[in-house]
Amino acid sequence: MSKRDLVSITDFSKEEILALLEKAKKFEENPNQRLLEGKVVATLFFEPSTRTRLSFETAVNRLGGRIIGFSDASSTSTSKGETLKDTIKMVSNYADLVIMRHHLEGAARYAAEVSDVPVVNAGDGANQHPSQTLLDLYSIYKTQGTLENLTITMVGDLKYGRTVHSLLMAMSHFKPTFNFIAPDELRMPEEYKTFCRENHIPFNEYTDFTEDVINQSDILYMTRVQRERFTDLMEYEKVKNVYTLHRAMLENSKDNLRVLHPLPRVNEIDTDVDDSPKAYYFEQALNGVYARQAIICTVLGL
Amino acid sequence: MKKELQVAALENGTVIDHIPSEQLFKVVSLLNLDQLSNSITIGNNFHSSQLGSKGIIKIADKFFESGEINRIALIAPNVKLNVIRNYEVCEKKNVSLPNEITGIVKCANPKCITNNEPMTTSFKVIDKNEVKIKCKYCERVIAKEDIIIK
Ligand SMILES: [Zn+2]
């Protein structure tokens, strides 16, 4: 049997994604299932990310597994010049599963090649972060009851935001309609628009963040507009508050609309939205633990 | 008008013709011709009605496997290969891009693992006409003009 890894969301078919979401639902109903009893999971965070690491480690603990690893590469032999290959070869002798985050793009794919045990990518630079995508999908599935035929509006940094790109690819199985709202400098890259056209997925592009578009949407996926992404800081000053969601803007939105955000947010969602029943970003983060329990069990064939 | 042979005739071997002049020496290095002991004639800046200026390589007693020769399709997709046996052209071949390119190209993304770890690069050819390749690791798509040969 060939080894199963999760490096990119495109490694999973539509059926596998749906099966995984069903698994996540089971874990939400009953989070403590000792399926990893006697197993050792390595969490290798060559780049620190407390949020993602705690979510994965909570998932492992809820499954009864043991954890080895590090949260910062400066304390490891990598900082003494050991290659990624050697680190992975060593760790995959000890552990039954490797969960890794790395600042270099493609690091997880390479680790999956050299590792004898499954590798789950917890983020490789600006490239992929598939567990975020699966928790986004689970949040959409849970709040909408389906993934089919939804109108998904993505707002903010659509150029560099890897979460929106992966979500777009993953949703392409489910006949979505997309609205892309971004400043000119941070528009959705051409390759993703081409992908939509080739797959007959309708999309609209806007630079204005208006209630008109919000009112058509089932999901409003907000992202950070970061200052360092702008070559022209004047441009940043002009747009920085344009892509902020305020509670009043949700007044005439659909009842089923939910607001998602990969967190942490800065000012793109006003705190007055937090108490709205349509705000879903904090629950979304909790769904990450269930989605990650499902990911771990899926790659281990449990 | 009789066309004169621009380089001495070959008894057995391969003639690689219609190489864009500026790519000639890259082709030489991609095919590792410097490591061959065969007689090799390399000519450059010959007149070409299609290319303006072209290069030609003649290698005695050398017959390429398609996997070996196709790697030059990356930089010189329109070259013509003449296989010579007994002073006669016995086969004419074009080169075509393989589906996967391993080890020849450097990834254009400085933050790619392949540029930071001793390892072999690998790319999927996603568009053979436009020559677009995608890094198997960082998933960056690289267009023809940005392809860097190692
Ligand atoms: Zn790369």
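For the numbers below, each heavy atom of this structure counts, side chains included, while hydrogens, waters and symmetry mates do not. Letters A, B, ... mirror the listed sequences (proteins, then strands); counts begin at 1.
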Report task. Give, for atom OG1 of B/Thr114 and atom CG of A/Leu104, the distance between the pair rounded to the nearest 0.5 Å. Result -> 9.5 Å
Query - Distance, nearest 0.5 Å, that separates CZ of A/Arg109 from OG of B/Ser122 - result: 11.0 Å
Query raised in the report: Do you know the tightest heavy-atom contact between B/Lys111 and A/His103?
Result: CE-O, 4.3 Å
Query raised in the report: What are the two closest heavy atoms between A/Asn127 and B/Tyr137, and how far apart are they?
Result: ND2-O, 3.6 Å
Can you confirm whether [X] is buried at [atom1], in the sense that more than 12 heavy atoms of other residues, nucleotides or ligands lie under 6.0 Å from that atom?
X	atom1	result
B/Glu88	CD	no
A/Arg197	CZ	yes
B/Lys144	NZ	no
A/Glu228	CD	yes
B/Lys132	NZ	no
B/Lys124	NZ	no

Query raised in the report: Side chain of B/Glu117, backbone of A/Lys85: donor and acceptor closer than 3.5 Å?
Result: yes
Query raised in the report: Highest number of heavy-atom pairs under 4.5 Å with chain B: which of A/Ser8, A/Gly125, A/Ala107, A/Ala108?
Result: A/Ala107
**Report entry** Residues forming a salt bridge (charged side-chain N to carboxylate O under 4.0 Å, His left out) with B/Glu130, sequence neighbours excluded
**Finding:** none
Query - Salt-bridge contact A/Glu191-B/Lys134 (side-chain N to carboxylate O under 4.0 Å) - result: no
Query raised in the report: Hey, which residues of residues 91-102 of chain B are touching chain A, say heavy atoms under 4.5 Å apart?
Result: none
